[in-house]
Amino acid sequence: MDAVSYTAQWMAAARAQESEREDPLFVDPLARDLAAPRGFELIERYVGGGVLPFISIRTRFLDDAIKEIVAGSGIQQVVLIAAGMDTRAFRLDWPDGTELYEVDHAPLIAEKRRRLDALGAEPRTDRREVSADLTKEWLPALEAAGFDRGRPTLWVAEGLTFFLTEEQVGGLLRLLASASAPGSHLAFDLLGRAMLRSPFSKRFLDALAADGTPWLFGTDEPEEFLTAHGWKTTDLREPGQPGAGEGRWPYEVQPRGRRGANRLWLIRAEVVTG
Ligand SMILES: C[S@@+](CC[C@H](N)C(=O)[O-])C[C@H]1O[C@@H](n2cnc3c(N)ncnc32)[C@H](O)[C@@H]1O
């Protein structure tokens, strides 16, 4: 696998640890086997900056978003962009007829399949793997797997945008909007700008950069950024707020107007059409 794909094992290791707490925000029974051994080494390496609680809070926020959006909208086409070692196909309840696409680099998809097969894991819905490079043209591969741009879609991109440039993130949002039927939704996360250079995050930023997976993009105007790329923000939270790990985030939530604060954005959006 390439360097950025190992970050998927880091996420899985964090989810394994969360699952083993007494008060877990979610339980991911496959995470430990998908993470080992590299993911646990990376947990030791990428420390500080609230990153571990953030991963858990984000996963729970997105679990809740997915459940609510799917139940409320009747959407039956869900695409996990940069799915990594995500196991939602196996651990969430999906309405009958849901197609769930997992897009990631080919070597990661192959490694995940090898591990899932060894575990005898059975998805709870129609799960489809899509090997693609998201910085190249990848919609044809998604469509070849059965994706239909005429049907409303829920796009989920967890822990991806940090590793892309501003231009790539903007291009991705536009591309998703262009392939979204009316009524499509997006759930994902973005960094605030200070996270890219703050002493708070410096230790793991340095380690990530040394490993060839630097964090590249953050914004302090997430709503404006989404609007500029075809999406209307419908829900935006920061870790520690109600519905976003309240009580589990070890830091104070900073007032929105405070410049230079370390921020992480958890976002739901709807496509703007017409
Ligand atoms: C931090 S992991 C997040 C994985 C998963 N969403 C999760 O939360 O566990 C980042 C993922 O992005 C994928 N990724 C990054 N850049 C990519 C690209 N250009 N094309 C395809 N996948 C990419 C990596 O392979 C990795 O699985």
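Note that the coordinates shown come from a computational prediction; the quantities given were computed from them, not determined experimentally.
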Quiz item: Are Phe162 and Val169 connected, step by step, through hydrophobic side chains (Ile, Leu, Val, Met, Phe, Trp, Tyr) whose heavy atoms are closer than 4.5 Å?
Solution: no
Quiz item: Side chain of Gln168, backbone of Thr165: donor and acceptor closer than 3.5 Å?
Solution: yes
Quiz prompt | Shortest non-hydrogen contact from Trp138 toward Asp133 | solution = CB-O, 3.9 Å
Practice problem: Of all the heavy-atom pairs spanning Gly159 and Asp189, show the shortest one and how long it is. | Solution: N-OD1, 2.8 Å
Practice problem: Give a yes-or-no answer on whether the side chains of Glu158 and Thr59 include a donor-acceptor pair shorter than 3.5 Å. | Solution: yes
Self-check item: Thr98 side chain vs Pro95 backbone, donor-acceptor pair below 3.5 Å
Solution: yes
Quiz prompt | Over all atoms of both residues, closest heavy-atom pair of Gln9 and Ala36 | solution = NE2-O, 3.8 Å
Exercise. May I ask you to test the Ser198-Met195 pair for a side-chain heavy-atom distance under 4.5 Å?
Key: no
Practice problem: Scan side-chain atoms only and decide if Trp155 and Ser180 contain a donor-acceptor pair under the 3.5 Å cut-off. | Solution: yes
Quiz item: Do the ring centers of Phe204 and Trp215 come within less than 6.0 Å of each other?
Solution: yes
Exercise. Nearest 0.5 Å please: distance from the CD atom of Gln17 over to the CD1 atom of Ile55.
Key: 9.5 Å
Quiz prompt | Asp211 and Thr213: side chain donor to acceptor below 3.5 Å | solution = no
Can you give each donor-acceptor pair under 3.5 Å made by side-chain atoms of residues 74-86, sequence neighbours left out, with the distance rounded to 0.1 Å?
unit_1, atom_1, unit_2, atom_2, d
Gln76, NE2, Asp96, O, 2.8
Gln77, OE1, Asp148, N, 2.9
Gln77, NE2, Asp148, O, 2.8
Gln77, NE2, Arg151, O, 3.4
Gln77, NE2, Thr153, OG1, 2.9
Asp86, OD1, Arg88, N, 2.6
Asp86, OD2, Arg88, NH1, 2.6

Quiz item: Is the count of non-hydrogen atoms from other residues, nucleotides or ligands lying under 6.0 Å from Arg259 atom CZ greater than 12?
Solution: no
Quiz item: For Phe90, does its backbone N or O pair with a side-chain atom of Arg124 as donor and acceptor, under 3.5 Å?
Solution: yes
Quiz item: Does one hydrophobic cluster hold both Phe163 and Met11, with members joined at side-chain heavy-atom distances below 4.5 Å?
Solution: yes
Quiz item: Taking atom CZ of Arg193 as the centre, does the number of heavy atoms from other residues, nucleotides or ligands within less than 6.0 Å exceed 12?
Solution: no
Practice problem: Report the distance from atom CZ of Arg114 to atom CD1 of Ile109, rounding to the nearest 0.5 Å. | Solution: 14.5 Å
Quiz item: Is the closest side-chain donor-acceptor distance between Arg258 and Gln254 under 3.5 Å?
Solution: yes
Self-check item: Within 45° cone of Phe26 ring axis and under 6.0 Å: Arg60 NZ or CZ
Solution: no
Quiz prompt | CG-CG distance between Leu172 and Leu160, expressed to the nearest 0.5 angstrom | solution = 6.5 Å
Quiz item: Under a 4.5 Å side-chain heavy-atom rule over Ile, Leu, Val, Met, Phe, Trp and Tyr, are Trp10 and Tyr6 clustered together?
Solution: yes
Quiz item: Below 4.0 angstrom, N of the basic side chain to O of the carboxylate: do Asp117 and Arg113 qualify?
Solution: no
Quiz item: Relative to each other, are the rings of His229 and Phe225 parallel, tilted or perpendicular (30° and 60° limits)?
Solution: tilted
Quiz item: Can Asp28 and Thr87 be counted as having a side-chain donor-acceptor contact under 3.5 angstrom?
Solution: yes
Quiz item: Nearest 0.5 Å, what's the CZ-CG distance between Phe217 and Leu196?
Solution: 9.0 Å
Quiz prompt | Close side-chain approach of Gln241 and Trp249, heavy atoms under 4.5 Å | solution = no
Practice problem: Specify the closest pair of heavy atoms between Ala187 and Leu154, including all atoms of both residues, with the distance to one decimal. | Solution: N-CD1, 4.4 Å
Quiz item: Hey, does Leu226 have a side-chain heavy atom less than 4.5 Å from the side chain of Trp265?
Solution: no
Practice problem: Working to the nearest 0.5 Å, report the span between CG of Leu142 and CZ of Phe147. | Solution: 5.5 Å
Practice problem: Measure the shortest side-chain to side-chain distance between Tyr101 and Asp126 over non-hydrogen atoms and say whether it is less than 4.5 angstrom. | Solution: no
Quiz item: Is there side-chain contact between Ser131 and Asp104, with heavy atoms separated by less than 4.5 Å?
Solution: no
Quiz prompt | Under 3.5 Å: donor-acceptor pair, side chain of Ser184, backbone of Val271 | solution = no
Quiz item: Are Asp63 and Arg91 within salt-bridge range, i.e. N to O under 4.0 Å?
Solution: yes
Self-check item: Student check: side-chain heavy atoms of Leu266 and Glu238 closer than 4.5 Å
Solution: no
Quiz item: Between the main-chain N or O of Ser56 and the side-chain N or O of Arg15, is there a donor-acceptor pair closer than 3.5 Å?
Solution: no
Practice problem: Considering only NZ, NE, NH1 and NH2 on the basic side and carboxylate oxygens on the acidic side, decide whether Glu99 and Arg128 come within less than 4.0 Å. | Solution: yes
Self-check item: Minimum heavy-atom distance between Pro182 and Pro152, given as atom pair plus value
Solution: O-CB, 3.8 Å
Quiz item: Can you hop from Ile57 to Val51 via hydrophobic side chains spaced under 4.5 Å?
Solution: yes
Quiz item: Is there a ring pair (Phe, Tyr, Trp, His ring centres under 6.0 Å) between Phe200 and Tyr251 once you walk through the steps?
Solution: CA-CA 11 Å; Phe200 176 69; Tyr251 310 100; 4.9 Å; yes
Practice problem: State whether Arg256 and Glu223 are salt-bridged, where the test is any N-O pair (Lys NZ or Arg NE/NH1/NH2 against Asp/Glu carboxylate O) under 4.0 Å. | Solution: yes
Exercise. Begin with the C-alpha distance, continue with both residues' side-chain angles, and end with the deciding distance and a verdict on side chain to side chain contact (heavy atoms under 4.5 Å, CB included) for Leu34 and Leu116.
Key: CA-CA 8 Å; Leu34 293 173; Leu116 290 170; 4.3 Å; yes
Self-check item: Short N-O contact, Lys112 and Glu102, less than 4.0 angstrom
Solution: yes
Exercise. Taking the side chain as every heavy atom from C-beta outward, state whether Thr233 and Thr227 have any pair of such atoms under 4.5 Å apart.
Key: no
Quiz item: Considering only heavy atoms from C-beta outward, does the side chain of Leu205 approach that of Tyr46 to under 4.5 Å?
Solution: no
Quiz item: Going hydrophobic residue to hydrophobic residue with side-chain gaps under 4.5 angstrom, can you get from Leu134 over to Leu62?
Solution: no
Quiz item: How far apart are the closest heavy atoms of Ser201 and Ala194, and which atoms are they?
Solution: OG-O, 4.4 Å
Exercise. Kindly say whether Trp94 contributes a backbone atom to a donor-acceptor pair with the side chain of Thr125 at under 3.5 angstrom?
Key: no
Self-check item: From CG (Leu119) to CZ (Arg32), nearest 0.5 Å
Solution: 13.0 Å
Quiz prompt | Partner set under salt bridge (Lys or Arg N to Asp or Glu O under 4.0 Å) for Arg115, not counting sequence neighbours | solution = Glu111
